[in-house]
Amino acid sequence: MIYLDNSATTKPYQEVIDSFTQVSQKYYGNPSSIHRTGAEAEKLLLRARQQAADLLEVKEEEIVFTSGGTEGNNTAIKGIALAHHNRGKHIITSQIEHPSVLEACKGLEDFGFRVTYLPVNHQGLIEPADVEAAITEETILVSIMHVNNELGAIQPIKEIGEITKRYPKLHFHVDHVQGFGKVPLSLSDSGIDLCTISGHKIHGLKGTGLLFAKKGTHLFPLMHGGGQERSIRSGTENLAGSVALVKAIRLILEEQRQKSQHLLDMKERLWNCLDGMEQVTTNSPAGHAPHIINISVPGYKPEVLIHALSEKGFYISTKSACSSKNEDVSSVLAACGLSESRSSSALRISLSYHNQLQEIEGFCKAFDEVLHQFSEIMG
Ligand SMILES: Cc1ncc(COP(=O)(O)O)c(C=O)c1O
């Protein structure tokens with residue numbers, strides 16, 4: 001099987017699984033317990049937090065371990081909204097965010113918050129000037145993703161951070177779930193106050209992730225209880241998951257340093273072959289992330305192509321996994337101004353450092369065969 005759906009989830013590194021197993025077996029104590037087993041678990045948790053901070057080049061007290069991207073995004077958005085509503089009730093985000101951002105914002109509208117959903121251009125990009133124009137006295141949060149999960153468009157985070165920095169009342173949150181480990185972004189140097197990372201998108205485990213919350217950022221917790229994770233996320237810590245997450249972060253950053261060119265080579269090969277196919281239109285914008293390629297095959301139902309490819313052992317997806325069963329039209333592609341025939345026939349191929357050029361060659365051949373097969377049937 002050739003797995004080309006790495007933006008939906010990734011295969012965990014063996015070292016990550018080993019870490020999780022070892023820690024679960026050896027350090028099962030509760031980090032809050034006073035006895036030695038608890039103290040050992042607490043020490044390991046502190047070490048994992050420090051290592052995560054070192055790898056991300058931030059401070060140890062700025063790391064909050066979470067269960068993944070959805071929790072990180074909700075904690076950041078609702079946490080800021082509920083902690084700072086006395087200062088203002090306006091939030092700025094974009095029309096092409098992940099549902100964990102869009103739905104969190106929509107939920108807040110029921111509580112009197114006003115949300116501006118910024119448009120994007122044909123390339124799926126936000127204009128930083130639009131962010132600035134939308135800021136009012138009431139704005140407390142700007143939440144913009146780094147890499148879009150369907151298109152691979154890379155938002156100008158640094159430029160937006162330069163703007164938000166000038167407004168002391170504002171917090172800037174970045175959903176970095178798709179970009180982390182593939183597209184560099186400095187957390188300490190981009191005006192970012194909050195940043196979400198998910199473990200299972202970087203060959204870590206499902207149910208793991210972290211939220212970077214800049215020192216001094218006050219969040220209302222989603223979960224009240226024993227005060228773990230600096231009271232931002234109460235509940236007995238997932239020590240094995242946190243250690244495994246740090247391992248995944250270390251390994252993916254190493255791969256990013258060593259294998260970026262390999263990813264680019266595969267993307268280029270894939271792009272050239274798809275671009276040359278008559279029925280295919282490529283949707284990902286120029287300069288997009290190296291691991292996500294979005295295409296449309298107008299006139300074809302994406303599910304049918306996905307099943308046919310799956311029969312041949314190639315796994316890709318339509319839109320994102322989180323919304324792929326819901327509707328036909330991709331709201332992300334529609335927001336970019338693409339026609340309905342393109343927005344409803346989109347496919348996403350997403351790569352990892354572990355894919356090989358031969359797999360890309362194999363995919364191109366299989367895809368070509370599938371298209372020929374269907375065009376013959378359709379006459
Ligand atoms: C951009 C983006 N943000 C957030 C999430 C949610 O992450 P998780 O699956 O870890 O909850 C995803 C998952 O697809 C995503 O692509």
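Just so you know, ligand 1 is whichever comes first in the structure, and atom 1 is the first atom listed for that ligand.
- For ligand 1 and Thr70, the ligand atoms under 4.0 Å from any heavy atom of the residue are 6 (C), 7 (O), 8 (P), 11 (O).
- Within ligand 1, the atoms closer than 4.0 Å to a non-hydrogen atom of Asn149 are 1 (C), 16 (O), numbered from 1 in the order shown.
- Taking the charged nitrogens against the carboxylate oxygens, Lys312 and Glu369 do have a contact shorter than 4.0 Å, which makes a salt bridge.
- At a 3.5 angstrom cut-off on N or O pairs, Glu71 does not count as close to ligand 1.
- Close contacts between ligand 1 and Gly68 involve ligand atoms 10 (O) [criterion: under 4.0 Å to a heavy atom].
- Residue contacts with ligand 1 include Ser100, since one of its heavy atoms falls under 4.0 Å from the ligand.
- Only the side chain of Asn73 comes within 4.0 Å of ligand 1, judged by heavy-atom distances.
- Looking at Glu361 and Arg269, a side-chain N of the basic residue comes within less than 4.0 Å of a carboxylate O on the acidic one, giving a salt bridge.
- Between the CG atom of Leu251 and the CD atom of Gln14 there is a distance of 11.5 Å, given to the nearest 0.5 Å.
- Of the options Lys247, Glu255, His203, a side-chain hydrogen bond (donor to acceptor under 3.5 Å, both in side chains) to Tyr13 is made by Glu255 and by none of the others.
- Here the CG-CZ distance, from Leu274 to Phe363, works out to 6.0 Å after rounding to the nearest 0.5 Å.
- The atoms of ligand 1 that sit less than 4.0 Å from any heavy atom of His200 are 8 (P), 9 (O), 10 (O).
- For the pair Lys201 and ligand 1, the shortest N or O to N or O distance falls below 3.5 Å.
- Any N or O atom pair closer than 3.5 Å counts here, and Gly69 shares at least one such pair with ligand 1.
- Within the 4.5 Å cutoff, the side chain of Tyr315 has heavy atoms near those of the Ser310 side chain.
- Checked against a 3.5 angstrom limit, the closest N/O atoms of Gln178 and ligand 1 fall inside it.
- Annotation for ligand 1: atoms under 4.0 Å from non-hydrogen atoms of Met145 are 1 (C).
- Going from atom CD of Glu57 over to atom CD of Glu62 covers 12.5 Å, rounded to the nearest 0.5 Å.
- With ligand atoms numbered from 1 in the order given, ligand 1 contributes 1 (C), 2 (C), 3 (N), 4 (C) to contacts under 4.0 Å with heavy atoms of Asp175.
- Listed by chain and residue number, nothing satisfies the disulfide (SG to SG under 2.5 Å) test with Cys105 (two or more places apart in sequence, or in another chain).
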